[in-house]
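Notes to accompany the following structure.
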Amino acid sequence: RVIQAIRDRYDGEKRNPFDEAECGHHYARAMASWGAVLALTGFQYVAATGQLAFAAAEQPARWFWSNGAAWGACAQQPDAAGNTVELTVLYGAIALTRLKLTGLGATDLPTARTMRQGETLTLRVPRD
């Protein structure tokens, strides 16, 4: 609702659609939109530890993720015991040791690994 209200206010009729004051004026709009992606998906990546985190989905979901070296998709299929997560790297490479679903739990990979472009990993995150 917040994003839609900002878009409606800066629709080009009364205000410049490329200069949203809420987004720091002028060319910060794209970064403000990226903030919405992070807020909705809960995406976090800590390269020093290899921990990747998302918000736990309450219904089937598929989200885009991106860091400085890779990007891909995270699909979640929740059930009563936890979530099955399918992590796909569509470009680049990402080192992983642990997957956390905020609000649900976490699972450690059996061994640390670097996922590369085209690889998919399926993990189960049980409820804590």
Side-chain angles (χ1 to χ4, degrees):
R1 289 184 293 181
V2 170
I3 293 168
Q4 187 59 53
I6 292 170
R7 298 286 185 248
D8 290 347
R9 203 166 32 257
Y10 293 91
D11 63 0
E13 300 262 333
K14 296 180 187 174
R15 294 179 180 94
N16 182 347
F18 303 107
D19 184 24
E20 297 172 357
E22 294 88 347
C23 300
H25 288 294
H26 304 300
Y27 302 101
R29 184 177 188 167
M31 292 308 296
S33 295
W34 180 247
V37 171
L38 299 179
L40 292 171
T41 65
F43 173 75
Q44 296 178 1
Y45 177 65
V46 180
T49 62
Q51 179 173 288
L52 182 63
F54 293 93
E58 295 178 7
Q59 58 188 358
R62 183 173 170 86
W63 296 326
F64 170 80
W65 61 266
S66 175
N67 68 10
W71 56 271
C74 171
Q76 292 187 48
Q77 184 66 44
D79 60 38
N83 289 17
T84 300
V85 179
E86 183 177 275
L87 184 66
T88 303
V89 176
L90 298 171
Y91 177 81
I94 184 171
L96 292 177
T97 60
R98 184 170 216 234
L99 175 66
K100 177 181 176 184
L101 296 182
T102 305
L104 183 69
T107 190
D108 292 323
L109 277 67
T111 59
R113 66 177 286 187
T114 298
M115 290 184 63
R116 302 191 187 288
Q117 183 172 329
E119 291 184 351
T120 297
L121 177 64
T122 302
L123 295 168
R124 181 82 179 144
V125 179
R127 290 192 184 281
D128 281 345

Inset, instruction - Report the residue from Thr107, Thr122, Leu99 that forms a side chain to side chain contact (heavy atoms under 4.5 Å, CB included) with Val85. - result: Leu99
Legend entry - With sequence neighbours excluded, residues passing salt bridge (Lys or Arg N to Asp or Glu O under 4.0 Å) with Glu119: Arg113
Inset, instruction - Not counting sequence neighbours, which residues clear side-chain hydrogen bond (donor to acceptor under 3.5 Å, both in side chains) with Thr120? List them please. - result: Thr88
Legend entry - Least distance between heavy atoms, Ala93 atom then Thr114 atom: CB-CG2, 3.9 Å
Legend entry - Taking every non-hydrogen atom, the tightest pair across Val125 and Ala106: CG1-N, 3.7 Å
Inset, instruction - Grab the two heavy atoms, one from Trp63 and one from Ala57, that are nearest each other, plus how far apart they are. - result: CH2-CB, 4.1 Å
Inset, instruction - Would you please test Ile94 and Leu87 for side-chain contact (heavy atoms from CB on, under 4.5 Å) and show each step? - result: CA-CA 11 Å; Ile94 184 171; Leu87 184 66; 5.6 Å; no
Legend entry - ILVMFWY cluster, Leu40 and Phe43 together (side-chain gap under 4.5 Å): no
Legend entry - Note, Leu121 side chain near Leu109 side chain (heavy atom, < 4.5 Å): yes
Inset, instruction - Using salt bridge (Lys or Arg N to Asp or Glu O under 4.0 Å) as the criterion, list what pairs up with Arg62, not counting sequence neighbours. - result: none
Inset, instruction - Would you please name every residue forming a side-chain hydrogen bond (donor to acceptor under 3.5 Å, both in side chains) with Asp79, sequence neighbours left out? - result: Arg124
Legend entry - Residue list, side chain to side chain contact (heavy atoms under 4.5 Å, CB included) with Gln51, at least two apart or on another chain: Thr49, Arg98, Lys100
Inset, instruction - Could you tell me whether Glu58 atom CD has more than 12 heavy atoms of other residues or ligands within 6.0 Å of it? - result: no
Inset, instruction - Return the minimal non-hydrogen interatomic distance between Val89 and Arg116, and the atom names on each side. - result: CB-O, 3.6 Å
Legend entry - Nearest non-hydrogen partners of Ala56 and Leu104, listed with the distance: CB-CB, 3.6 Å
Inset, instruction - Check side chain to side chain contact (heavy atoms under 4.5 Å, CB included) between Ala39 and all other residues, then give those that pass, not counting sequence neighbours. - result: none
Inset, instruction - Spell out, yes or no, whether Val46 and Val37 are grouped together once hydrophobic residues are joined by side-chain heavy atoms under 4.5 Å, including indirect joins. - result: no
Inset, instruction - Taking all non-hydrogen atoms of both residues into account, name the closest pair between Ala73 and Leu90 and its distance. - result: N-CD1, 4.4 Å
